[in-house]
Each structure stands twice: as structure tokens, then as C-alpha cells.
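Whatever order the structure lists ligands and atoms in, that order sets their numbers, starting from 1.
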Amino acid sequence: MTRLILGQTLAFDADPFSTPPEDAARHSAHGAILMDGDRIAAVGEADALRAAHPDAQVEDMGDALLVPGFVDCHAHYPQTAIIASWGRRLIDWLNNYTFPEESRFGDAAYARTQAELYLDLCLANGITSACVFSTIHPESVDAIFEAAQARNMRLTTGKVMMDRNAIDGLKDTAQSGYDDSKALLEKWRGVGRLGYAVTPRFAPTSSPEQLEAAGALWAEHPDCLMQTHLSEQPEEIAWVRRLFPDDKDYFAVYERFGLAGPGALMGHAIHLSKRERAAILETGSAVAHCPTSNTFIGSGLCDVAGLRGQGIPLGLATDVGGGSSFSMLATMRAAYEVGQLRGLPLHPAQLLWLATEGSAAAMRLSDKVGRLAPGLEADMVALDMKATPVLAQRSARARDIFEALFATIMLGDDRAVKAVWVAGEKARG
Ligand code: GUN
Ligand code: ZN
């Protein structure tokens, strides 16, 4: 069955970090998206597509802005219940809030409840794809995969591998981490829209033997992603230096164990040396920018424009629950504010691109999601740029679509997410 969704459309033809941002996207004030089953069949003008497809079922979203479903390329679903925990920096935050909560996820029923809650929050905020950390427990991986499968979302996760420097009950071993990850990978990878990421938490919580096992598993399955954390806080970097004194820097640890390369997704990557930046680029690794987390935990200001300017794949991420919001609009807002503090305000086209195509590319999903283009999977959001009285006032004064989009990023929340489609099916609205 074909369906025609009418609204304003904004579709990227080019990367707004290498083309003037306002030239990178095509805006149509009376546009339409033609969906055929679970795919986008055409993007164009409403009148032309209506005339060409008279039998299509029409849904008119008025002047809402149709954009690709948001892609969150780094989040921790098991931290849903400890989001907004006060006053700690990274290592204390992990020990005091995060690890005790994550230790509950061996309970399959609790894991299921939290996975359902998390994915419903994603959909309410227009996030249709995500790359998510589970916990060390296989039950936590099964829970989020099952919940994603029930919603037909394009979701990637992996069992956290962590065999040291964590509380009792929240550690695996090099061998069990490898065996459990391999079994889960073979069970779930490529089932429907699901993907697997080999997931060593970060260098401080894995022994060299475990990092080696993670590298071996990824080498056996290079089509999978590999996700971890890199250079988030100075204390963490100093800790890595003490734990791995023979490696020249933090990223070199991952390189030595085969944990760098295309499909490697590094969360944060704030405090990098020149050599590390060059090595991230050379190896083809990607970065997940987590701006609400980086301000909330007090980590620092990621050099987004610099990393993108170098050509490093970079996506936008909530990093729930170190991140302080489930909203991708709030995450774009924080990315703008981080850019301002670095003296480089990101253009709204760049913010939207990071939250869609940028994250999809970082997850190696460019041929599947992240763009409004024929052949891609029909994940889409209708943004109401008049969702609240103040937003309506501000949008009414906008001189072009980018001003209205910027106001929606700065003032919007889940009320601005008017409708969500997942693989062609209406999931919200
Ligand atoms: N580094 C290692 N684990 C974590 C985590 O769960 N959240 C954040 N923000 N950083 C980490
Ligand atoms: Zn994280």
C-alpha cells in the first residue's frame, strides 16, 4: 500500500559541514513523502506526487516539518531510572549511581520493564534508531532486543564487557564476556532491524585479556559495530595512563587491542591529543557527541566542528543517563550551546544533520536510515513548529525554515514531536 504524507519537508543533498549549511538541504513548504510499505518511495512536491499517485492514501500534516527519524548513536537504556542524579563527576557517578542500578538487570523482568519504558521514551521523542549499551547481563540484551523487535525499531546493542574496577556482581570475566557476547551476537545480529555492537565499557573496566577478547570477537564479526568510551574526563584519562603505562595515549589502548576501525564508535572523545585525532581519522573510527552528558557530568566541550572538519564520522547522542534528557531536540540544543562556548555556533541544518544522517553514518547505516530519500526505510518525524504558545510566536516571526527549525530546537520538547513513523507504520500521533 502506498501512503502520501503531506507537510513541509527538509531533505539533505549534501553534508552541511562541508557545504554552506543553508545550501545543503532542500526545503519544500508544500512537500510530501511517498511511503511504499516500509520504504520511502519518493520525496517531492505535494501537488506533483498527488497527481502521480492518485490511489495513495493521503495524510496531511499541515505545516509540520517532516524530517528523518532521529538516530541516537550512544545511550545506556539501563540508566533510565538514574537519569538526573546530582553532584558527581564521572568515576564517582559510575560507582554511586550507575553500577548499583545496572546490577539489577540480571532480573529479566526488571530489564524488560526498563527496556519498554526506555523505547517508549525514545519514540515519544522521535528517536527511531539507537545504539545502546545494555549491562553485563545477557538478560539485559535479550530484553532490549525483544522490546525493539516488538516496535520494529532499528536498534543496535551489546552486552557490556567489564571484568574489573566495578562493584561485586557487576563483573564478567575475559572468557565469559567473550562467550556471552558471541552467543548474543549470533542470536540477534541481523534479526529484523536489529544489530549487534561488541561493547567493552571502557579501558579502565576491562583487563588487557578482556580487551583482547573483545578485539578478537569483533575481528571475527567485522560487520558488527564496536562501541566504547574515550577521553571523557581528565581523571579518567589519568587512570588509563596508570593502568596502561606502555601505551602512548588512551586511543592507543583501543588500537593495540583491535578496537579501532570502521564501525568503532567512541563515546565523548573530548580531550584528545593531536595524535589521537589523526589516529581516529586514519583508522576510520567514529565519534558519538554527547553534549547534555558532557555538561551535566562536567566533562568538557567536544570540538565537534573540528572533528567533522577533519572528516571524522560524528553523530549526536543523548548518552542517557549521564545525559540529562531523552529528547533529541534538547540534545541538539546542548550541541548548539557547546558550540557557542567554543566560539563556533552550529547552524540548525548542522544540528539536524548530526541527529539524523550524521548518527546514521557513524553507525554505518547510511543506506538504511537517517535521510528522506527513495529506497531508505520509512522512519520519519513530523515536527510541530508551533507546539507551544511561545514557539508558535517565535516561528511566526521566522524569516525562513532554518529560523523556525532553530526555534523548535531551542524551545521544543516531546510536544513538538507531532507524529512518528517506524518502518512506514505510525508509531505516535
Ligand atoms: N564511561 C564508562 N561508562 C560510562 C557511562 O555509563 N556513562 C558515561 N557518560 N561515561 C562512561
Ligand atoms: Zn556512555
Under a 4.0 Å N-O cut-off, is there an ion pair linking [X] with [Y]?
X: E186; Y: K182; result: yes
X: R275; Y: D249; result: yes
X: R428; Y: D120; result: yes
X: D246; Y: R256; result: no
X: R189; Y: E220; result: no
X: R151; Y: E116; result: yes

At the Zn ion (ligand 2), what is the angle formed between atom NE2 of H76 and atom NE2 of H229, rounded to the nearest 10°?
->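 With the Zn ion (ligand 2) as the vertex, NE2 (H76) and NE2 (H229) sit 100° apart.
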
Measuring from the Zn ion (ligand 2), name the closest N, O or S atom belonging to D319.
->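 Going through the N, O and S atoms of D319 one by one, OD1 ends up nearest to the Zn ion (ligand 2).
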
For the Zn ion (ligand 2), what is the closest N, O or S atom on H74?
->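 Of all N, O or S atoms in H74, the Zn ion (ligand 2) lies closest to NE2.
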
Is it true that H268 and F202 have ring centroids separated by less than 6.0 Å?
->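 Centroid distance H268-F202: not below 6.0 Å, so no.
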
Under a strict 4.0 Å criterion on non-hydrogen atoms, which protein residues are in contact with ligand 1?
->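 Its neighbours under 4.0 Å (heavy atoms only) are H76, Q79, L90, W93, L94, R201, F202, H229, E232, H268, S293, I297, D319, given by chain and number.
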
For ring-ring contact (aromatic ring centres under 6.0 Å, His included), just list the numbers for H347 and F406, CA-CA rounded to whole Å, side-chain angles, deciding distance to a tenth of an Å, and then say yes or no.
-> CA-CA 8 Å; H347 187 278; F406 184 64; 8.7 Å; no

Is H268 close enough that one of its N/O/S atoms sits under 2.8 Å from the Zn ion (ligand 2)?
->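 Short answer: no, not a single N, O or S atom is under the cut-off.
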
